[in-house]
Number of protein chains: 2
Amino acid sequence: MGVIEKVAKSRLRQTTDVVETPLVPRVDQLPVDRIIQQDCIEAMRALPAACVDMIFADPPYNLQLGGDLNRPDGSHVDAVTDEWDKFDSLNAYDAFTRLWLAEARRILKPNGTIWVIGSYHNIFKVGSAIQDLGFWILNDIIWRKANPMPNFKGTRFTNAHETLIWASMGEKAKYTFNYRSMKTLNDELQMRSDWEFPICGGQERLKKNGTKVHPTQKPEALLYRVMLACTKPGDIVLDPFFGTGTTGAVAKRLRRHWIGIEREDSYVEAAQERIDAALPLDESAVTTMQAPRQAPRVAFGVLLENGYLSPGAVLSDAKRRWRAVVGVDGNLRSDCGNAGSIHKLGATLQGAPSCNGWTFWHHETAEGLKPIDSLRQTYLLATQP
Amino acid sequence: MGVIEKVAKSRLRQTTDVVETPLVPRVDQLPVDRIIQQDCIEAMRALPAACVDMIFADPPYNLQLGGDLNRPDGSHVDAVTDEWDKFDSLNAYDAFTRLWLAEARRILKPNGTIWVIGSYHNIFKVGSAIQDLGFWILNDIIWRKANPMPNFKGTRFTNAHETLIWASMGEKAKYTFNYRSMKTLNDELQMRSDWEFPICGGQERLKKNGTKVHPTQKPEALLYRVMLACTKPGDIVLDPFFGTGTTGAVAKRLRRHWIGIEREDSYVEAAQERIDAALPLDESAVTTMQAPRQAPRVAFGVLLENGYLSPGAVLSDAKRRWRAVVGVDGNLRSDCGNAGSIHKLGATLQGAPSCNGWTFWHHETAEGLKPIDSLRQTYLLATQP
DNA sequence: CTGAGATTTGAATCGCTAT
DNA sequence: CATAGCGATTCAAATCTCA
C-alpha cells in the first residue's frame with residue numbers, strides 16, 4: 001500500500017468509520033441526512049444491522065391525563081392529548097417499548113450508545129426494558145427544568161425534571177465519551193448527571209399560525225450536550241421519534257450525520273424546513289470541541305519552539321485579574337514574583353488545588369483575549385494530517 | 001350518637017386514623033417504635049394488612065445480593081460473572097423486588113404512600129414493579145447530591161443524584177400531602193421534584209472504631225422532608241431495610257411512630273442506640289409545621305345576615321370587567337342577567353369550569369377594590385375566640 | 001427607543017364532600 | 001356512582017402593551 005492510499009484510508013477512518021469492520025455498511029449506503037416518513041419500527045427494520053453510532057429517542061410518554069386542567073386564574077392548560085400518546089394499557093405500552101428498543105439494538109453499532117428521554121410515566125418501563133435487552137446503563141441524567149409548569153392544584157411536588165438514560169450495547173463495549181469536552185463545557189469541573197436547561201420556547205420553539213407545531217419540542221441545548229459528549233464528527237445519529245427534528249438540526253450543526261424517522265406530515269414538513277435552515281458550525285470549531293485527550297499531547301513549550309507564542313509574551317486570565325510573562329522554557333512568572341508551569345501558577349494565584357492552564361491563561365489577539373488553548377488547537381490543526 | 005362522641009371521634013380521626021375502618025389495627029396492637037430483627041419479607045408477612053401509613057424503603061442497589069437472592073423457583077443464585085449469570089441475576093433481583101413490594105402493598109393502608117430510593121442500577125426495575133403492582137406514581141424525586149463522589153476514571157458523567165419514587169395505593173387514593181408545609185419550607189415557592197442535600201457525613205455519620213457503620217447511610221434531612229410532606233403526627237412509618245435507622249430517628253423526632261426491619265446485628269445495635277438518643281421535637285413545633293388550620297367555613301349569606309355587606313351592594317372583579325348586585329339571599333345578579341352564587345356566577349362570566357368567588361369578587365372601599373374574602377376574615381376575627 | 005407592567009404559556013397521570 | 005356546590009390553587013421566561 002502506497003503512501004497516498006494510506007492517507008486516503010486514514011481520512012476515511014476519521015470521518016466515516018467505514019473501515020472499522022467490513023460488516024458495517026458505509027455511510028453512502030445508508031439514508032443519512034434525511035427524514036424517513038414511516039412507522040419507526042418498520043423503518044428501523046429496513047435498515048441493516050449495526051449501522052448507526054448513536055440513537056437518540058424521545059418516545060411517547062404514555063401520559064394518562066384525567067379531565068381538563070385550569071390554572072388558578074381560570075385559563076386552560078394545553079395538554080398533550082395527541083393520538084400518538086394514547087395506549088390501551090400499561091402492558092401495551094410496555095410491549096411497544098420493547099419492540100422499538102429491540103430494533104434499535106439491532107441497528108446500533110457494537111460500540112454505539114442509546115439515549116432515551118422520559119418522565120416518571122414511562123421511564124421506569126423504558127429503563128427496565130433497556131436492561132432486559134442486554135444494554136448496559138452508563139448513567140441516568142436529570143434534565144432540571146429552569147422554568148417548569150407549576151402544580152396548579154397544590155396536590156404534588158412540581159414536576160420539574162425529566163430523565164434521560166444513556167446505555168451502551170453491553171458491559172464491555174467501548175463507547176465514545178468525550179470527557180474533556182464535557183469538563184471544558186462545565187468550567188473545568190466534571191460534568192454531573194444533573195443538567196439544567198430552560199424548556200424550549202422563544203425563537204427556538206417552532207410555531208405555525210401562532211400555535212406550537214409540536215407539544216413536546218426538546219431544547220437544542222440538550223441534544224447539543226448529548227451529541228458533543230457521545231459522538232464524533234461524521235458519526236451517524238438516528239432518532240426514531242423525530243418530531244420537529246431537534247436531533248437533525250443539532251447533528252447538522254455539529255457535523256454529524258443524522259437519520260430521522262417520523263410519521264406525521266406536519267412534523268416532517270416543519271423538521272425539514274428547520275434543518276434546511278440550520279447552518280453547520282465551522283469545521284475548526286467542531287474540531288475544537290472534540291476531546292483534547294484523543295489529540296496528541298502538546299507541551300506548552302512546543303508552542304514556543306514553533307513560534308505560536310514568543311517568550312516574553314504577556315498572558316492574563318479571562319478577567320485580567322492576574323498577568324504573567326512567558327519564560328523561555330515555558331514557565332510563567334507573575335507580577336508578584338510567583339513562577340511555575342501554566343497549570344501550577346494558575347492554581348497558585350487562585351489558591352486552588354489545581355488549574356487547567358490551557359483554559360485559564362489568555363493571550364491578546366485582534367479579537368480580544370483568547371485562551372491559549374486556541375493556540376494549541378491551531379497548532380494541532382496545522383500539524384495533524 | 002351525641003355531640004361529645006362525635007367530637008371524640010373526629011379528634012381520633014385526625015391523630016391516628018384508627019377509626020377509619022374497623023379492619024385497621026390499632027397502634028397498640030402493632031409492634032411500633034421498635035426494630036424487628038428478621039428478613040424483611042418474613043417480618044412484613046407477620047404484620048396485619050392495611051396497618052401502616054407510609055413505607056420508606058432503601059433496598060439494596062446492586063445485583064450482588066449473594067445469599068439473599070433466590071430465583072422465583074426457590075433455587076439459589078450464585079456469584080455473577082458471565083453474561084448469562086448477569087441476565088439471571090437481573091431476573092432474580094426483579095423477583096426479589098416484586099416479592100417485597102407485594103408485601104409492602106399488603107400492609108399499607110388504602111390511603112398510605114410508599115417511598116423507594118434507588119440509583120440507575122435498580123430504580124427502573126423498582127419503578128416498573130411498582131406500576132405493575134397497581135401503585136400509582138405521584139412523583140419521582142431527584143436527590144441532587146451537593147458533594148457527590150467524582151468519577152475518578154473520567155469514563156462517565158459524575159453520578160451526582162439518586163432517585164426516589166413516591167406512589168399511592170391507586171389512582172383514586174386520598175394520600176396525605178402537606179402542601180403548605182412544603183411551600184413554607186421552600187421559601188414560599190412550590191417544592192420542586194429536585195431536592196439538594198449533601199451526602200451523609202460529619203457528626204451525623206455513624207462510625208465505629210473510626211469506620212462507617214453502614215455504607216449507604218441516608219441523610220436525615222432527606223427523611224425529614226419525606227415525612228414532613230406525606231405523614232401526620234402519630235402516623236406509622238415502616239422501613240423494611242432499616243439499616244442504621246435514619247427513618248426511626250427522624251420519625252421519633254417528628255413524633256411519628258416507626259417500625260424498622262433489619263437483619264444484621266451490627267446495624268440493629270447502632271440503630272437502637274441512635275434512636276434512643278434522638279429527642280422528639282416539642283409537640284407544638286410539630287404542630288406548627290403542619291398545614292395552617294382550616295378556617296371554619298362561612299357561608300356568603302352570613303355576611304349579609306350580620307351586616308358586613310348589604311343586599312343591593314355592587315360587586316365587581318378586580319379589573320372591573322364584570323359587575324353584579326347582591327341579592328337578599330346571597331345570590332348575585334350580573335348586568336347581563338346571569339345569576340348564581342358568588343362561585344357559580346364568577347365561573348359563568350369567565351367561561352371557566354370553576355371559580356373561587358371569595359377572591360374573584362371585590363367590593364368598593366376607601367382604599368379601593370378589595371376582595372370580599374377580607375370581609376370574611378373580618379367576620380371571623382370578630383366572632384372566633 | 002426604552003422600561004415598566006401585563007399577559008401568556010409550558011410532557012400534568014392536578015379536589016373534596018354531600019346528595 | 002354521577003352530579004352539583006363549595007372554594008383552594010401557579011413559577012419562570014418570553015412576549016406584548018403602553019407610557
Side-chain angles (χ1 to χ4, degrees), chain A residues 58-82 84-85 87 90 93 117-123 143 145-163 196-205 207 210-212 214-219 241 243, chain B residues 131 135-140 166-168 170-175 177 179-180 183 186-193 291-292 294-295 297-300 318-319 330 340-347 352-361 371-373 376:
Chain A
D58 180 11
Y61 287 9
N62 189 30
L63 300 185
Q64 316 233 328
L65 307 180
D68 279 4
L69 180 62
N70 291 84
R71 299 186 176 81
D73 66 5
S75 64
H76 186 252
V77 175
D78 185 18
V80 178
T81 52
D82 306 69
W84 49 254
D85 196 42
F87 293 85
L90 188 58
Y93 184 80
I117 183 169
S119 67
Y120 68 85
H121 309 85
N122 71 325
I123 199 67
W143 168 25
K145 300 183 183 182
N147 49 346
M149 180 158 54
N151 180 293
F152 296 114
K153 303 292 186 193
T155 56
R156 305 178 179 189
F157 299 98
T158 305
N159 204 355
H161 74 274
E162 292 189 24
T163 301
E196 176 161 335
F197 298 111
I199 56 182
C200 183
Q203 293 298 317
E204 190 186 327
R205 187 86 193 209
K207 302 216 169 146
T211 58
K212 53 189 178 196
H214 195 284
T216 69
Q217 187 182 335
K218 296 293 174 285
F241 307 96
Chain B
Q131 289 182 304
F135 288 105
W136 191 250
I137 298 182
L138 298 166
N139 277 116
D140 61 335
W166 175 39
S168 70
E171 186 176 358
K172 305 290 184 197
K174 294 194 181 79
Y175 55 89
F177 179 55
Y179 176 73
R180 287 296 330 168
K183 192 164 175 175
N186 196 37
D187 226 6
E188 286 308 308
L189 287 181
Q190 279 193 342
M191 187 69 79
R192 296 169 42 118
S193 57
Q294 300 279 109
R297 267 184 56 177
V298 177
F300 180 61
K319 291 176 191 165
S341 71
I342 54 172
H343 310 295
K344 188 69 175 282
L345 183 61
S354 66
C355 166
N356 182 345
W358 290 107
T359 52
F360 176 76
W361 292 108
I372 57 176
D373 194 41
R376 179 168 64 159

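Note that the structure is a prediction, hence the values are computed from the model and not measured. In what follows, chains are A, B, ... by sequence order, proteins preceding strands, each numbered from 1.
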Under the ring pair (Phe, Tyr, Trp, His ring centres under 6.0 Å) test, residues paired with A:Tyr120 that sit two or more places apart: none
Hey, is the side chain of A:Asn159 poking within less than 4.0 Å of OP1 or OP2 on C:dT13, counting only N and O atoms? yes
Please tabulate, one pair per line, each protein N/O and nucleotide N/O from nucleotides 16-19 of chain C that are separated by under 3.5 Å, including the distance.
none

What are the atom names and distances for every N/O pair under 3.5 Å that joins the protein to nucleotides 4-10 of chain C?
unit_1	atom_1	unit_2	atom_2	d
C:dT7	OP1	B:Lys319	NZ	3.4
C:dT7	OP2	B:Lys319	NZ	3.0
C:dG10	OP2	A:Lys212	NZ	2.7
C:dG10	O5'	A:Lys212	NZ	3.1
C:dG10	N7	A:Arg71	NH2	2.6
C:dG10	O6	A:Arg71	NE	3.1
C:dG10	N2	A:Asn147	O	3.4
C:dG10	N2	A:Pro148	O	3.0

Excluding sequence neighbours, so at least two apart, what forms side chain to side chain donor-acceptor pair (under 3.5 Å) with A:Asn147? none
Going by side chain to side chain contact (heavy atoms under 4.5 Å, CB included), name the residues that satisfy it together with B:Lys172, two or more places apart in sequence or in a different chain. none
Contacts of B:Asp140 meeting side chain to side chain donor-acceptor pair (under 3.5 Å) (sequence neighbours excluded), chain-then-number -> A:His161
Considering residues at least two apart in sequence or located in another chain, which fulfil the side chain to side chain donor-acceptor pair (under 3.5 Å) criterion with A:Arg71? A:Ser75
Taking atom P of C:dT13 as reference, at what distance in whole Å does atom NE2 of A:His121 sit? 4 Å
Who passes side chain to side chain donor-acceptor pair (under 3.5 Å) against A:Lys153, sequence neighbours left out? none
Where do N or O atoms of nucleotides 5-7 of chain D meet protein N or O atoms at under 3.5 Å, pair by pair?
unit_1	atom_1	unit_2	atom_2	d
D:dG5	OP2	B:Lys344	NZ	3.3
D:dC6	OP2	B:Ser341	OG	3.1
D:dG7	OP1	B:Arg297	NE	3.2
D:dG7	OP2	B:His343	NE2	2.9
D:dG7	OP2	B:Trp358	NE1	3.2
D:dG7	N7	B:Cys355	O	3.0

Whole angstrom value for the distance that separates P of D:dC1 from NZ of B:Lys172: 10 Å
Once ring pair (Phe, Tyr, Trp, His ring centres under 6.0 Å) is applied, do any residues pair with A:Tyr61, and if so which ones, sequence neighbours excluded? none
Distance check: side-chain N/O of A:Gln203 vs OP1/OP2 of D:dT15, anything under 4.0 Å? yes
Partners meeting ring pair (Phe, Tyr, Trp, His ring centres under 6.0 Å) with B:Trp166 (sequence neighbours left out): A:Phe157, B:Trp115, B:Tyr175, B:Phe177
Dot-bracket encoding per residue of DNA chain C, Watson-Crick/G-U cut-off under 3.5 Å, | denoting interstrand: .|||||||||....|||||
